[in-house]
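What follows is a set of notes on a single structure, which appears directly below.
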Amino acid sequence: MSVNENSLKSLWQKLPSERTVFTNAQMQARARKFQAKHKRRDVTEYAGYAALFVLVGYMLTVRAAWQDWVASGLVIVGSVIAMWNYNRIARAKPMPSGTAGDSLLGSMRRELTRQRDAASTAWRWYILPLTPCVIFIAGYRWVEEGATLTELTDMRIYILMMTAFCVTFFGACVLWQFLCAARYQRQLDDLARYSQ
Amino acid sequence: MAEDSTSQDEQYRLAAIEFGDAINRMAYAYERDPDKRKDLVQDIHFELWRSFKVFGGRSSVRTWVYRIAHNAGASHITKNKRISQHSYLNLDDIGEIPDRTDYVDAFERIDQIDQLMALIQRLSAPDRQIITLYLEDLDAAAIGDITGLSSGAVATKIHRIKYKLSELFSKGETYVSQ
C-alpha cells in the first residue's frame, strides 16, 4: 500500500505536547546557571595551573641550580601557552549567540571545520610549546653526567629511555590528531555531498 | 538596554506561544527519554530566548525558530552520544532498519508513531531536520530556507523520505486509518 502522507503528518502533528512558555525570571535563572557552569570549568582549570606551579615550586626547593630554574620556567611557559592555545582554538564552546540562527548544515560545517583545523595543527600549538622543556632537561642532564659526552652511563640510558618515551608519546598524540583531522574532513566531505 | 531586554523577552514569548508545540514535537525527534526531552525543550527555549538578543529580523521568525531548535537538537545528540555517530543513517541507508515484522516479534506490537520515531531517531541530524520539517507540513522552499539546502535538493530528499516511509509502513500491517 502507499503511504498516506497527510495521515502521517497528522499523526506527527498530534503528538502529545505541553505548551511551554518560560517566564523572564526562569530564563534569567537559566542564564545564571549557564554562566555558573562555565565559571566552574574555568576555576577547575585555574586550580590545575595552581597545582602545577606548586609542584614546580616544590621541585625548586629540592634542587635550585640555574638549570632547574630554566627547566621550571620552560614547563610553566610551555603549559600556559599550550592551555591558552587550547582555550583559543580547540575548546568546545557554547554556540555564539550571533551564529545561533545559522542553518543546521552551516553550523555543522563551521564546527567540523574548526575541529579539523584544530586537530591538524595540534602539533604546532599544543605539542611544540612543551618540547623545549623536554629537550632542555634531557640535554643538561646528559651533559651533567660527565665530561665525555659519548659514555653511556646508567643515567644516560635512563635519559635516552625517557626521551624515547616522550617522542613516542608526543608522536602518538600528533598521529592521533592527524587521524581525527582526517575523520573531520571525511565528515565535511559527506556534508558537502549531502548539500548537493 | 532595558528596551532591548524587553524586546528580547517579548519576541521570545510570542515565538514560544506560536511555535511551542512544534518545538515540543522536534524534541521528540532528538530525544526518546521523557525527562531528557523536557531538558532539551528547556534548552531550546533558552537558546531561543538568548538568540532574540541578536535576531534583528534577519529572517522570518519561523525560519529562525526552526533553525535554533534544530541546532539545539543537533548539539544535544552530539553531547549525549548515546548512540555513536556511526549508527546514524542517511536516508539512503534506511533500508537497513529492521523490518516492521522484526519489531512486532520483538515488542509484540508497536504503533505507527513509535515506528516513525524509531526511524527518525536513527537518522543523521540533517536528515532528521528535513523529515521533521516535512512532517510539520512545510514546503520545499521553506525547508530549503531553514536547512540551507537548495529547493531542488530538498525536493529530492523529500521524495526519498516519502519512498522510505512508504516502504517502512507498507511492510506488515496497514498503518493509519484516514
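In what follows, chains are A, B, ... by sequence order, proteins preceding strands, each numbered from 1.
With a threshold of 4.5 angstrom between heavy atoms, B:Ile44 does not approach chain A through any atom at all. Proximity to chain A (any heavy atom under 4.5 Å) is shown, for B:Thr132, by both the backbone and the side chain. Proximity to chain A (any heavy atom under 4.5 Å) is shown, for B:Asp145, by neither the backbone nor the side chain. Contact annotation for B:Tyr28: only side-chain heavy atoms (C-beta onward) come within less than 4.5 Å of a heavy atom of chain A.
Hydrophobic clustering, with ILVMFWY side chains joined whenever heavy atoms are under 4.5 angstrom apart, groups A:Val174 together with A:Trp125. Note: the hydrophobic cluster containing A:Leu128 also contains A:Val134 (ILVMFWY, side chain heavy atoms under 4.5 Å, direct or indirect links). Placement of B:Ile158 and B:Tyr163 in two distinct hydrophobic clusters is found when ILVMFWY residues are connected by side-chain heavy-atom separations under 4.5 Å, directly or transitively. Side-chain heavy atoms closer than 4.5 Å link hydrophobic residues (I, L, V, M, F, W, Y) into clusters, and following such links, even through other members, never connects A:Leu52 to A:Ile137. A:Ile157 and A:Val143 end up in the same hydrophobic cluster when Ile, Leu, Val, Met, Phe, Trp and Tyr side chains are linked at under 4.5 Å.
Taking the side chain as every heavy atom from C-beta outward, A:Gln13 and B:Asp137 approach each other to under 4.5 Å. Counting heavy atoms from C-beta outward, A:Trp12 and B:Met117 have side chains that approach closer than 4.5 Å.
Taking all atoms of both residues into account, the shortest heavy-atom contact from B:Thr147 to A:Leu105 is O-CD1, 3.5 Å.
Rounding to the nearest 0.5 angstrom, the gap separating the NE2 atom in B:His45 from the CD atom in A:Gln26 is 10.5 Å. Residue B:Ser124 holds its OG atom at 7.0 Å from CE of A:Met108, rounded to the nearest 0.5 Å. To the nearest 0.5 angstrom, B:Leu138 atom CG is 9.0 Å from A:Lys9 atom NZ.
No more than 12 heavy atoms of other residues, nucleotides or ligands sit less than 6.0 Å from atom OH of A:Tyr126.
Chain A forms the most heavy-atom pairs under 4.5 Å with one residue out of B:Ala15, B:Ala27, B:Pro126, and that residue is B:Pro126. Comparing B:Val65, B:Ile17, B:Val154 by how many heavy-atom pairs each has under 4.5 Å with chain A, the most go to B:Ile17. The greatest number of non-hydrogen atom pairs below 4.5 Å with chain A, out of B:Gln129, B:Arg25, B:Glu136, B:His70, is found for B:Arg25.
Checking side-chain atoms of B:Tyr12 against main-chain N and O of A:Phe22 turns up a donor-acceptor pair under 3.5 Å.
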